[in-house]
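Below you'll find the structure, written out as structure tokens, and then a few comments.
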Amino acid sequence: MDSPATLEDVPDGKPPTPDTMGRRRLPAAQREQQIVEAAAQFFAEHGLGGQTRELAKNLGITHSAIFRYFPTKEALLDRVYEHVYVQRWNPAWDGLVQDRSQPLETRILRFYSEYAERIFDYVWVRIFVFSGLKGYDIAPRYLEIVRDRVIHPICAEIRAELGLPDCTAVPLTEREAEAAWALHGKVFYLAIRKFVYGWPIPEDLSQTLADDVGVFMRGAPKIFIESLQEISRKTGPCK
């Protein structure tokens, strides 16, 4: 039985192959990270139903070596989630949309411009899609982050821009939230086109993103005002 201590260094960032094993031993933390990075690429190519036995074969190690670091496939997928999604979230984005020193449209466009640079990636997009198809919780967990840190803040700032009641006084309506999700979905669909469908997208996304945000900003006031008016008709004036 091979020991994980024989997992070699990765030349040029490529996973090891059987004929290159044993050149150099890696510290445990580096070996573990190597498995995580190889797993991310493997699952992006083969789907989350891909077998860890095949992953081990691709790495040039025994199946048991993987499970010395990750006792279950779910544990490995948890680390892949942290590596691919959580670590790519820029902490500077938290609060960016709420920074009222700049126009709201500028803030939203800046966020999506920076966000697209991080998520327009083969591994990121394909694992996300495979997660939804196979019922793994990677996509739902990440969407909770998007909802709390992107969708709801955008909606709250639209209300503030329009002088509408704060969301703590009058909860967001489904229609308001869906308007913000629609913008988010338009951005993500560009990544789907490229990395799932293999269909071309603009090489420079700056104008496309500006157009998408502009359409949202022009359409959102009508949706938000009508949503609050509907609440007023049902429950009385919003304060």
Side-chain angles (χ1 to χ4, degrees), residues 78 81-121 124-125 127-129 131-132 137-193 201 205-232 234-235 237-239:
D78 278 344
Y81 172 76
E82 291 289 326
H83 172 67
V84 176
Y85 298 94
V86 176
Q87 291 182 19
R88 291 196 191 188
W89 185 272
N90 184 353
W93 292 339
D94 297 335
L96 191 159
V97 171
Q98 297 97 322
D99 178 10
R100 296 180 183 175
S101 65
Q102 300 182 58
L104 179 55
E105 184 167 346
T106 300
R107 291 176 254 157
I108 296 175
L109 178 57
R110 178 184 166 189
F111 167 75
Y112 277 112
S113 296
E114 295 180 8
Y115 184 70
E117 289 183 2
R118 291 287 181 95
I119 73 159
F120 276 53
D121 173 80
W124 196 106
V125 174
I127 287 181
F128 192 87
V129 173
S131 167
D137 69 349
I138 287 177
R141 287 163 67 186
Y142 187 76
L143 288 173
E144 288 183 0
I145 294 176
V146 173
R147 178 196 63 200
D148 296 341
R149 301 184 187 182
V150 182
I151 303 302
H152 286 179
I154 286 176
C155 290
E157 291 303 304
I158 289 288
R159 280 201 183 181
E161 187 96 342
L162 297 173
L164 297 173
D166 187 271
C167 298
T168 58
V170 180
L172 282 175
T173 65
E174 183 177 71
R175 191 176 173 193
E176 290 172 298
E178 285 303 312
W181 276 116
L183 169 61
H184 192 84
K186 288 180 73 175
V187 175
F188 183 59
Y189 177 67
L190 290 166
I192 293 287
R193 268 173 46 190
I201 62 173
L205 289 175
S206 57
Q207 187 60 60
T208 302
L209 294 175
D211 290 342
D212 289 343
V213 173
V215 169
F216 169 75
M217 291 299 296
R218 290 191 293 274
K222 180 176 184 294
I223 294 171
F224 278 60
I225 290 170
E226 288 181 357
S227 296
L228 272 294
Q229 288 175 339
E230 181 64 22
I231 292 177
S232 295
K234 292 179 179 179
T235 64
C238 298
K239 299 181 180 180

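- The shortest non-hydrogen separation linking F224 to C155 is CE2-O, 3.5 Å.
- The aromatic ring centres of H184 and Y115 sit less than 6.0 Å apart.
- Annotation: side-chain hydrogen bond (donor to acceptor under 3.5 Å, both in side chains) contacts of Y85 (sequence neighbours excluded): none.
- Nearest approach of R107 to Q98, heavy atoms of both residues: NH1-C, 3.9 Å.
- A search for side-chain hydrogen bond (donor to acceptor under 3.5 Å, both in side chains) contacts involving S113 returns nothing, not counting sequence neighbours.
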What do the steps show when you test Y81 against Y142 for ring pair (Phe, Tyr, Trp, His ring centres under 6.0 Å), and what is the final call? CA-CA 9 Å; Y81 172 76; Y142 187 76; 7.1 Å; no

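- Here the straight-line distance linking atom OH of Y112 with atom CD1 of I119 works out to 9.0 Å at 0.5 Å rounding.
- You'll find the side chain of W181 reaches within 4.5 Å of the side chain of L143, heavy atoms only.
- By the 4.5 Å heavy-atom criterion applied to side chains, V125 and F120 are not counted as neighbours.
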When the side chains of residues 170-178 are checked against the rest of the protein, which donor-acceptor pairs come out under 3.5 Å, sequence neighbours left out?
residue: T173; atom: OG1; partner: E176; partner atom: N; Å: 3.1
residue: T173; atom: OG1; partner: E176; partner atom: OE1; Å: 3.0
residue: R175; atom: NH1; partner: E226; partner atom: OE1; Å: 3.0
residue: R175; atom: NH2; partner: E226; partner atom: OE1; Å: 2.9
residue: E176; atom: OE1; partner: R159; partner atom: NH2; Å: 2.8
residue: E176; atom: OE1; partner: T173; partner atom: N; Å: 2.8
residue: E176; atom: OE2; partner: R159; partner atom: NE; Å: 2.9
residue: E176; atom: OE2; partner: R159; partner atom: NH2; Å: 3.4

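- Atoms CZ and CD1, on F128 and I192 in that order, are 8.0 Å from each other to the nearest 0.5 Å.
- In terms of heavy atoms, I138 sits closest to I127 at CD1-CG2, 4.1 Å.
- With sequence neighbours excluded, no residue forms a side-chain hydrogen bond (donor to acceptor under 3.5 Å, both in side chains) with R193.
- Salt bridge annotation for R141-D78: present, with a cationic side-chain nitrogen under 4.0 angstrom from a carboxylate oxygen.
- Closest of all the heavy-atom pairs between H83 and R88 is O-CG, 4.4 Å.
- Summarising the geometry of E105 relative to G214, their closest heavy-atom pair is OE2-CA, 3.5 Å, with the distance given to 0.1 Å.
- Here the shortest heavy-atom pairing between S227 and I223 reads OG-O, 2.8 Å.
- In this view, D211 satisfies the salt bridge (charged side-chain N to carboxylate O under 4.0 Å, His left out) rule with no residue, not counting sequence neighbours.
- Put simply, the side chain of S131 does not reach to within 4.5 Å of the side chain of D137, judged on heavy atoms.
- Put simply, CG on L104 and CG on L162 are 9.0 Å apart, with the number rounded to the nearest 0.5 Å.
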Show me the donor-acceptor pairs within less than 3.5 Å that the side chains of residues 145-152 make with the rest of the protein, sequence neighbours left out.
none

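- Salt bridge annotation for R118-E114: absent, with no cationic side-chain nitrogen under 4.0 angstrom from a carboxylate oxygen.
- Note that CD1 of I201 and CG of L190 are 5.5 Å apart. Values are rounded to the nearest 0.5 Å.
- Without hydrogens or angle criteria, D121 side chain to W124 main chain gives a donor-acceptor distance under 3.5 Å.
- You'll find the side chain of I108 reaches within 4.5 Å of the side chain of F216, heavy atoms only.
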